[in-house]
*Asks:* 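Before I ask anything, let me first share the structure, which is written out below as C-alpha cells.
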Number of protein chains: 2
Amino acid sequence: MVGVSDGPAGFQAIREANLGIVLRTIRQTAPCSRAVVAASTGLTKATVSSLVADLIDRGLVCETGLVTERRVGRPGMLLTIDGSTLVAIGLEVNVDYIAVSAVDLLEREVLSRHVEFDASSAGPEACAARLREVLLEVAADPLLRDRPLVGASTAVPALIDAPAGTVTNAPNLGWRDFPLRERLTALLAGSPLEGLPLLVDNDANLGAVAEYRGGHLARTLDLVYLTGEVGIGAGVLMNGELLRGASGFAGEVGHIPLLGNGPLCACGRRGCLESLAGMDTILRRAVPELVPEGPVRGSGLGELVAETARRAEAGDAAALAALRTAGTWLGRAVATLVNLLNPSAVVLGGYFVPLAPWLLPPCRAAAAAHSFAPDGGGCRIEPSALGLSAAARGGAMALIDALDTGALPLPPATAA
Amino acid sequence: MVGVSDGPAGFQAIREANLGIVLRTIRQTAPCSRAVVAASTGLTKATVSSLVADLIDRGLVCETGLVTERRVGRPGMLLTIDGSTLVAIGLEVNVDYIAVSAVDLLEREVLSRHVEFDASSAGPEACAARLREVLLEVAADPLLRDRPLVGASTAVPALIDAPAGTVTNAPNLGWRDFPLRERLTALLAGSPLEGLPLLVDNDANLGAVAEYRGGHLARTLDLVYLTGEVGIGAGVLMNGELLRGASGFAGEVGHIPLLGNGPLCACGRRGCLESLAGMDTILRRAVPELVPEGPVRGSGLGELVAETARRAEAGDAAALAALRTAGTWLGRAVATLVNLLNPSAVVLGGYFVPLAPWLLPPCRAAAAAHSFAPDGGGCRIEPSALGLSAAARGGAMALIDALDTGALPLPPATAA
DNA sequence: TCCATTAGTTTGATGACTGAACGAATTAGT
DNA sequence: ACTAATTCGTTCAGTCATCAAACTAATGGA
C-alpha cells in the first residue's frame, strides 16, 4: 500500500513514504494531535514532529487549535488537512462538452465548470489546444488564483494507456493513438503551468476513484463503477488500486456476452450487455417515437433520458418494461462481476442515476439470484451521488490520492 | 512494486526492500556481475556490494566465477541465485490426497510426494495433524535435511481468508471456518519447524502463482489460471499480484451465468459455467454409461477423464460433441474474463489439460468471437504444463516470490 | 612497459529515524 | 497555593544505510 514507488529506495523515498503515511493518518483521524499520529503510525514522536513540520511548510496540513477535552496533561495541538492552499484540477472530455472540477485537499469541490465543445468534430489536436485554454483560464480564476496546484488530470471516454498518457482508441470521439499528455505538456511549456504533473485516464476509472474518495461509499477498497453513457464501461478498484489489465482493456464490461442469440450490438456481436441494457436500447424501447434512426449521441441523450424517467413516473407501460428488462440484464452482468471480482460495492453512474429508481430493483434481484456467494458476497449496488461530471472530480481526486498514498508526483516545495 | 510493506518505513524496511530489488535483478539477469546489478537498479556500486554480501551470507546468492567474455578491464565476478541452500515447501490438500512439493530458489522442484489421505472423511483437525506429520517427514528427508526452509504453504480447494490463514468454506471437504494456520502453528510448536512462516491459500490462486513463476508463460504479469477439478475456479494474477476481492470470493468463475435457461447447476441456479463445462457435465455426456448417479468425486475422476480422452482420440462422436460444446462455453467464459480483466494469458489447468487437444480449438474460437478487443486483447489461451500438483508447487513458489518482492517474511539470518 | 578501461572495495559525509531526556502546559490532590 | 502526576512536543546525540569519490585490482591494447 505504501509503496515506495519503483526503483531503488534511498533517503528521499523513505521520507516521502512516511510523509504520505502521516498525511493519510491525519486525514483519517483529523483533527488529532501529533502524539496520536505517532501512536497510530508507530513512528517516533520526534519523527512525526519533523514530518508534520514539513507538511505544514508545504501547505498540506495546518494547526487548528488546542485539544478541548479536559484531561490530565498538556493539551495537544490539533492537526487537520489544510484545505485552503493546494488544489487539484480535473478535466473531462466528452462528446459535446468539457467539464472542469477543482478539488481541495479536503476533497471539497472548489470550482466546477461546464464548457461546450464538440470534441468529436474538432479533432484531438484542437481539443488539446482548447484544454490548454480552459486549464489556464481556470487556474487564473479568482477562486484558484495564487493557490499552488497539485496537478491536472484529463478523463477521456476511451481506451487509455495511462502510464504513457496516450489515448489509444476513442470510438465516440474518433481519436486513435493520440499522445494527449505529451501534447498538453508541450502546449503548456512557457505558460505559468509549465511542468505541472498531468494525468490521463479513462472516464470509468476516474469515476471509480471519485466514488472511492468522495461518494457515500467512500473508502470502500474494492468497488466497481459502471458508466451509463453512450456505452457501458467499468472502472474497477481492487484493494484501493485501479485494475488496468495487460493492455488497458480491463473493464470493458459493455461487451461481455450475456445472451446466446441476442440482439445485434454496435460492436458486431450478439447479446452483449450493451445491446441489452445500454442507453440506446433502453431509449429505443422506452421512447421509441423520439429516437432517430442512427446511433443516439451527444446532447440529445440527456433529454431523452429525462423523458423516459417522466414516463416511468407516470406509469407508462413501455417505459417500465424497458427499464425492467434492462435492469435485469444489468443485474446478471453485476452477478458476473461479483463472482469474478467480489467487490464490496457496485456503483451505477452516468445516465443510470436518473433511471435508478426503476433499474435498481430488478438489477438487485437478478444480481442476488446469480451470485455464487450467499448474499452476493456482501456487495451493495447503489446509484452514484456524484452526478454527470464524476470523472472530472475523480481525476482531481486521483491526484489528491497520489499524495496520500506516497506515490505523490511531487509535493510542492516550501510555498512560504 | 517494491512495497516497503505497510507500516512506517525505517532502516530495516529500506534495507529489506533493496535486498529484494537486488535479488530480483539477479534472478532476472543471472549470471551477472555486481556492476551490472548496480547499473540496472540505479543503486551505487558500494551499496550493491554491501547488499550482495548480505545475500551471500544468507545463502540466497552465490558467486560462480569470472566473466568469460574477453573485454577490456577487470572481469566481473558472476552472481547467480544460489539454488543449493534454501528450500520452500508446498502442500496441497485435496479430496483424496495430500501433495507435497519442495522448490529451491532457482524454482527447481527438489522433491515431490503424493500421500493418500481422505481429507473429507477425516475432518479438518485430523488433516492438520497429518499435515504436520508430512511436513516434519519431508523436512527430515535426506534431500532437504540441513537446508534452511523459507516457509511452508498449504493449498486448499476452498474459500480462504488468506491474511488470517483460515479456511472459510470447503464444500468438497466439508470444512467450515477452520483456522488452519493457527492450528498448524500450534501443532508445530516444540518441533524443529517451530516458527516457520506458514501460508494458506486457495488452490486456484496458488496454481496461478505456479504458472507465473514456473510455467512456460513465466513472468506474465496478468494471467488467469482456471482449475478443472470437480468445480471450476479461477486464480487471477493482476500486475503480478493475486486478486482476492473484498471477502476472498474473487475468482468464483464456475458460477458466472452464461445461459438463460440452462441446465441445473449443483449450486441451485441455472446456466452457470460449471453446469455447461464442468468435469461432471463433460463426463456425463462423453462417457455416460460409466458415470454413477451421484456427484462424481475423488479418485474415479482421473480414470473417467482418461477414458474420455481415449474415446475422443478414437473419434467417438459423443465424446467429441461433449468436448466441443464444453470448449465453446469455456471460450465464452474466457471472453468474459478477457473483457473484464484483460489478462495476457489464460491457463487451463487440472483435468482440462488431458482434454486440451479437443477443448482448446472451440474455446479459442469462442473467446475470439466474443472479446471486445480485436485480437482478444492479445490474450493467449494455453494448457498448463505443470500437471496436477500445480497448487503445491505454486504454494512453494509463492514463498520464493515473497522473498523476491521484498514482502519476504524473513530471509533467514546468517546461516554460516 | 605503460596506459586506458572496467570491477569491486574502502572511506568519509549525508540524511532520516530512534531513544532518552527535557521543557511546557494542564489537571488532581493536599 | 503549591506540589505531584501526566501528557505533549522538542532537542540532542546516536545509529544506520545510502551516496560520492577515491582507491585497489585485474585485464587488454599500444
Side-chain angles (χ1 to χ4, degrees), chain A residues 2 4 7-22 25-26 29 31-57 61-79 406 411, chain B residues 2 4 7-23 25-26 29 31-58 61-79 406 411:
Chain A
V2 170
V4 170
F11 289 112
Q12 297 169 323
I14 198 173
R15 183 81 179 166
E16 286 204 355
N18 284 340
L19 281 170
I21 292 176
V22 170
T25 308
I26 293 178
T29 53
C32 60
S33 67
R34 289 171 174 79
V36 170
V37 174
S40 77
T41 57
L43 292 160
T44 323
K45 283 192 295 177
T47 308
V48 170
S49 271
S50 156
L51 290 165
V52 166
D54 204 338
L55 290 172
I56 290 177
D57 275 351
V61 164
C62 61
E63 298 180 323
T64 55
L66 295 172
V67 168
T68 59
E69 294 175 51
R70 307 192 131 266
R71 269 188 332 186
V72 192
R74 170 178 168 179
M77 190 60 106
L78 289 177
L79 301 171
Chain B
V2 169
V4 170
F11 290 112
Q12 297 169 322
I14 196 172
R15 183 78 180 171
E16 286 206 353
N18 284 341
L19 281 170
I21 292 176
V22 170
L23 187 58
T25 308
I26 294 177
T29 53
C32 60
S33 67
R34 290 171 173 78
V36 171
V37 174
S40 78
T41 57
L43 292 161
T44 323
K45 283 192 294 176
T47 308
V48 170
S49 271
S50 157
L51 291 165
V52 166
D54 204 338
L55 290 173
I56 290 177
D57 275 351
R58 298 177 195 225
V61 164
C62 61
E63 299 180 325
T64 55
L66 295 171
V67 168
T68 59
E69 293 177 51
R70 306 192 131 266
R71 268 186 332 185
V72 193
R74 169 179 170 180
M77 191 60 106
L78 289 177
L79 302 170

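Naming: A, B, ... by sequence-line order, numbering from 1 per chain.
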*Asks:* Quick one: list whatever passes side-chain hydrogen bond (donor to acceptor under 3.5 Å, both in side chains) with A:Arg34, sequence neighbours left out.
*Replies:*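 If we apply the side-chain hydrogen bond (donor to acceptor under 3.5 Å, both in side chains) test to A:Arg34, skipping adjacent residues, the hits are A:Glu63.
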
*Asks:* Go through A:Leu78 and A:Leu66 one step at a time and tell me if the side chain to side chain contact (heavy atoms under 4.5 Å, CB included) criterion holds.
*Replies:* CA-CA 6 Å; A:Leu78 289 177; A:Leu66 295 172; over 6 Å; no

*Asks:* Checking A:Ser50 now: which residues fulfil side-chain hydrogen bond (donor to acceptor under 3.5 Å, both in side chains) with it, not counting sequence neighbours?
*Replies:*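 Scan of A:Ser50 (side-chain hydrogen bond (donor to acceptor under 3.5 Å, both in side chains), adjacent residues dropped) gives A:Arg15.
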
*Asks:* Scan nucleotides 8-11 of chain C against the protein and return all N/O pairs shorter than 3.5 Å with their distances rounded to 0.1 Å.
*Replies:*
from	atom 1	to	atom 2	distance (Å)
C:dG8	OP1	B:Met77	N	2.5
C:dG8	OP1	B:Met77	O	3.4
C:dG8	OP2	B:Arg34	N	3.1
C:dG8	OP2	B:Ala35	N	2.8
C:dG8	N7	B:Lys45	NZ	2.8
C:dG8	O6	B:Lys45	NZ	3.1
C:dT9	OP2	B:Ser49	OG	2.2

*Asks:* In chain order, what residues pass the side-chain hydrogen bond (donor to acceptor under 3.5 Å, both in side chains) check against B:Thr25, with sequence neighbours excluded?
*Replies:*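 side-chain hydrogen bond (donor to acceptor under 3.5 Å, both in side chains) list for B:Thr25, sorted by chain: empty.
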
*Asks:* Could you state the interatomic distance from CG (A:Leu79) to CG (A:Leu55), rounded to the nearest 0.5 Å?
*Replies:*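 Going from the CG atom of A:Leu79 to the CG atom of A:Leu55 covers 9.5 Å.
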
*Asks:* Kindly give the atom pairs (protein nitrogen or oxygen, nucleotide nitrogen or oxygen) under 3.5 Å for nucleotides 27-30 of chain C.
*Replies:*
from	atom 1	to	atom 2	distance (Å)
C:dT27	OP1	A:Arg70	NH1	2.6

*Asks:* Are the side chains of B:Ile26 and B:Leu23 in touch, meaning some heavy atoms are under 4.5 Å apart?
*Replies:*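 They are not in contact (no side-chain heavy atoms under 4.5 Å apart), so the answer is no.
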
*Asks:* Could you tell me the separation between the CG atom of B:Leu51 and the CD1 atom of B:Ile56, rounded to the nearest 0.5 Å?
*Replies:*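 Reported value, rounded in 0.5 Å steps: 11.5 Å.
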
*Asks:* Can you find a pair of side-chain heavy atoms, one from A:Val22 and one from A:Leu43, that are under 4.5 Å apart?
*Replies:*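 The answer is yes; the side chains approach within 4.5 Å.
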
*Asks:* Atom pairs, N/O to N/O, protein against nucleotides 15-17 of chain D, distance under 3.5 Å?
*Replies:*
none

*Asks:* Whole Å only: how far is the CG atom of A:Leu19 from the C1' atom of C:dA16?
*Replies:*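 Going from A:Leu19 (CG) to C:dA16 (C1'), I get 11 Å.
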
*Asks:* Rounded to whole Å, how long is the line connecting atom CG of A:Leu43 with atom C1' of C:dG19?
*Replies:*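 Between C1' of C:dG19 and CG of A:Leu43: 14 Å.
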
*Asks:* If I take atom CZ from residue B:Arg58 and atom CG from residue B:Leu19, how far apart are they, to the nearest 0.5 angstrom?
*Replies:*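 Reported value, rounded in 0.5 Å steps: 5.5 Å.
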
*Asks:* With side chains defined as the heavy atoms from C-beta onward, is the minimum distance between A:Cys32 and A:Thr29 less than 4.5 Å?
*Replies:*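 A:Cys32 vs A:Thr29: side chains touch.
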
